[in-house]
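Please read all numbers here as calculations on a predicted model, not as lab measurements. Note: hydrogens, waters and symmetry copies are ignored here, and every other heavy atom, side chains too, is used. Labels below follow one simple rule: chain letters A, B, ... track the order of the sequence lines, proteins then strands, and each chain is numbered from 1.
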Number of protein chains: 2
Amino acid sequence: MADKPVPDIVVGRLPVYLRILNYLIDEGRYITSSQELGDRLGISSAQIRKDLSHFGEFGKQGTGYDVKYLRDQLQNILHINRRWPVVLVGAGDLGHALAHYRRFQDAGFDIVGVFDNDPEKIGQQFGRYVIQDVATMPGIIEEQNIKMGIIAVPPAAAIEVAKAMIKAGIVSILNYAPVTLMVPLGVRVQYIDPVAHLQHMAYYQNVDED
Amino acid sequence: MADKPVPDIVVGRLPVYLRILNYLIDEGRYITSSQELGDRLGISSAQIRKDLSHFGEFGKQGTGYDVKYLRDQLQNILHINRRWPVVLVGAGDLGHALAHYRRFQDAGFDIVGVFDNDPEKIGQQFGRYVIQDVATMPGIIEEQNIKMGIIAVPPAAAIEVAKAMIKAGIVSILNYAPVTLMVPLGVRVQYIDPVAHLQHMAYYQNVDED
DNA sequence: TAGATTGTTAATCGATTAACAATC
DNA sequence: TAGATTGTTAATCGATTAACAATC
């Protein structure tokens with residue numbers, strides 16, 4: 001047996017395909033093609049067909065893909081045909097925006113608790129949430145069998161927070177702190193660092209012409 | 001001449017190297033090695049040496065790299081040895097967090113204006129900022145020769161906002177809206193989509209064991 | 001000098017693209 | 001049937017890694 005695992009880079013594109021499919025559904029479309037999907041994403045149709053082929057056959061020759069069917073299949077593949085509870089650590093400005101970010105809800109990710117370690121903040125109302133002591137987080141993760149966590153704390157605290165999350169059972173971490181987390185096998189981390197993106201783009205700024 | 005351009009994926013790693021170098025400086029370190037940098041990032045030392053070799057020779061055999069020197073060189077390469085003014089569109093929760101995100105300041109990116117199209121919001125205080133009419137944005141971009149913009153508006157509005165930015169002279173866009181922007185040659189877009197990251201990681205969740 | 005680490009070359013690995021038979 | 005588009009194979013392209021001479 002031992003199927004070769006699907007390349008991670010391919011998995012990472014599925015959410016993007018899913019997004020386009022949802023837009024197509026909103027537009028009332030029933031059928032699409034790898035060509036159309038590629039055009040809307042700025043990638044080749046061949047790549048889309050190749051990517052999908054890792055998971056099965058979803059289209060019909062001469063016709064294309066049934067939009068809703070493909071959407072459902074991608075949701076199954078990604079395990080997002082259900083809701084996922086998520087813990088959030090860090091009750092700052094960023095945490096506030098994340099806690100109330102509509103798209104998490106819409107996509108099936110429910111932030112079930114917001115935690116911080118600042119005694120001034122613990123117990124305070126935080127939009128829809130009440131800020132809880134991060135010390136109580138492990139118990140909640142274990143009781144509710146939560147697998148996903150978001151870190152929105154300063155870099156110095158991020159490593160400890162990640163450790164506590166992992167120890168309690170979290171295996172997927174979305175990390176907004178600009179630190180590389182060393183995690184055991186089986187735990188995934190995705191990083192979001194807007195500063196790195198701006199620095200990356202600054203490289204291409206034509207500084208001579210200024 | 002026509003030097004081959006440095007691969008974009010290599011450029012994208014420079015900000016990460018820079019981050020580690022800054023941490024090393026904070027720790028009072030003077031010298032480091034590709035081995036140490038790789039260990040702290042979970043990548044191979046060969047990759048670091050190869051990446052740096054695209055830009056020049058920064059180390060000394062037998063010794064390694066002077067931390068501050070390498071840091072300064074990377075800053076020069078990335079054109080971040082100066083401050084960059086940035087416009088921000090979208091005065092929602094996310095915009096609020098971005099407008100006050102310290103790391104932008106620290107890294108030399110100054111948000112010089114926050115814009116929205118909601119008449120209810122225009123003119124309102126927004127933390128340190130006053131929300132301005134997005135219609136006035138192009139004039140400000142042109143007057144101040146601003147090259148970078150951040151989009152934090154709903155998907156439906158993002159395409160128009162990007163168009164206006166680009167027309168006014170923006171060439172680097174950090175886009176938080178979950179839409180692919182079609183941009184002319186010479187304009188760069190970086191996407192941030194936390195939902196896509198969660199969906200990506202959901203793939204690896206072992207759903208059977210639930 | 002002996003030890004360490006760079007910068008670079010060549011080998012390997014993996015991802016993307018082109019092309020087309022299959023078939024709806 | 002003619003036209004269109006898939007799924008897949010093979011070719012191409014590009015990125016990573018291993019290895020080592022150069023040298024501090």
Among residues two or more places apart or on two chains, list those pairs meeting salt bridge (charged side-chain N to carboxylate O under 4.0 Å, His left out) that have a residue in residues 49-60 of chain B.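 Listed once each, the pairs are B/R13-B/D51.
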Identify, with sequence neighbours excluded, every residue that meets salt bridge (charged side-chain N to carboxylate O under 4.0 Å, His left out) alongside B/D110.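 B/D110 satisfies salt bridge (charged side-chain N to carboxylate O under 4.0 Å, His left out) with B/R83 only.
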So what is the 5' to 3' dot-bracket string for DNA chain D, if pairs are Watson-Crick or G-U wobble with both distances under 3.5 Å, crossing pairs use [ ] and | means the partner sits on another strand? ..||||||||||||||||||||||
Gap separating the [atom1] atom of [X] from the [atom2] atom of [Y], nearest 0.5 angstrom:
{"X": "A/H197", "Y": "B/Y191", "atom1": "NE2", "atom2": "OH", "value": "11.5 Å"}
{"X": "B/L70", "Y": "B/L52", "atom1": "CG", "atom2": "CG", "value": "5.5 Å"}
{"X": "B/E142", "Y": "B/M137", "atom1": "CD", "atom2": "CE", "value": "10.0 Å"}

Those residues of [range] lying under 4.0 Å from DNA chain D by at least one heavy atom:
{"range": "residues 64-77 of chain B", "value": "none"}
{"range": "residues 10-25 of chain B", "value": "B/R13"}
{"range": "residues 32-52 of chain A", "value": "A/S33, A/S34, A/R49, A/K50"}

Please tabulate, one pair per line, all N/O donor-acceptor pairs under 3.5 Å involving side-chain atoms of residues 170-177 of chain A, not counting sequence neighbours.
residue: A/S172; atom: OG; partner: B/Q205; partner atom: NE2; Å: 2.9
residue: A/N175; atom: OD1; partner: A/A177; partner atom: N; Å: 2.9
residue: A/N175; atom: ND2; partner: A/A177; partner atom: O; Å: 3.1
residue: A/N175; atom: ND2; partner: A/V179; partner atom: O; Å: 3.1

For A/N81, side-chain contact (heavy atoms from CB on, under 4.5 Å) partners two or more places apart: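 For A/N81 the side-chain contact (heavy atoms from CB on, under 4.5 Å) partners, ignoring immediate neighbours, are A/N76.
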Thinking salt bridges, do B/R103 and A/D193 make one under a 4.0 Å N-O criterion?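 Yes, charged N to carboxylate O under 4.0 Å.
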Give a yes or no on whether the backbone of A/L198 and the side-chain of B/W84 come within a donor-acceptor separation of less than 3.5 Å.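 Not a single qualifying donor-acceptor pair exists.
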More 5' along DNA chain C: B/G56 or A/K60, using each one's nearest nucleotide?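 Going by which nucleotide is closer to the 5' end, it is B/G56.
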May I have all residue pairs that pass side-chain hydrogen bond (donor to acceptor under 3.5 Å, both in side chains) and include part of residues 88-100 of chain A, sequence neighbours excluded?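 Found none.
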Going 5' to 3' along DNA chain D, which are the first and last nucleotides with any atom under 4.0 Å from a heavy atom of chain B?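 It runs D/dA15 to D/dC24.
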Shortest non-hydrogen contact from [X] to [Y]?
{"X": "B/P184", "Y": "B/I166", "value": "CG-CG2, 4.0 Å"}
{"X": "B/D118", "Y": "B/D116", "value": "N-OD1, 3.0 Å"}
{"X": "B/A152", "Y": "B/L88", "value": "CB-CD1, 4.3 Å"}

Could you walk me through whether B/D8 and A/Y204 pass the side-chain hydrogen bond (donor to acceptor under 3.5 Å, both in side chains) test, one step at a time? CA-CA 10 Å; B/D8 185 63; A/Y204 297 99; 2.4 Å; yes
Would you jot down, in residue-number order, the residues of residues 178-188 of chain A having a non-hydrogen atom under 4.0 Å from DNA chain C?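 Close to the strand, none.
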Looking at residues at least two apart in the chain, or sitting in another chain, which of them share a side chain to side chain donor-acceptor pair (under 3.5 Å) with B/E27?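 So B/E27 forms a side chain to side chain donor-acceptor pair (under 3.5 Å) with B/R40.
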Below 30° counts as parallel, above 60° as perpendicular, anything between as tilted: where do the rings of B/Y69 and B/F58 land?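 Rings of B/Y69 and B/F58: tilted, 30 to 60°.
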Would B/Y101 and B/F104 count as a close aromatic pair, with their ring centres under 6.0 Å?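 B/Y101 vs B/F104: aromatic centres under 6.0 Å.
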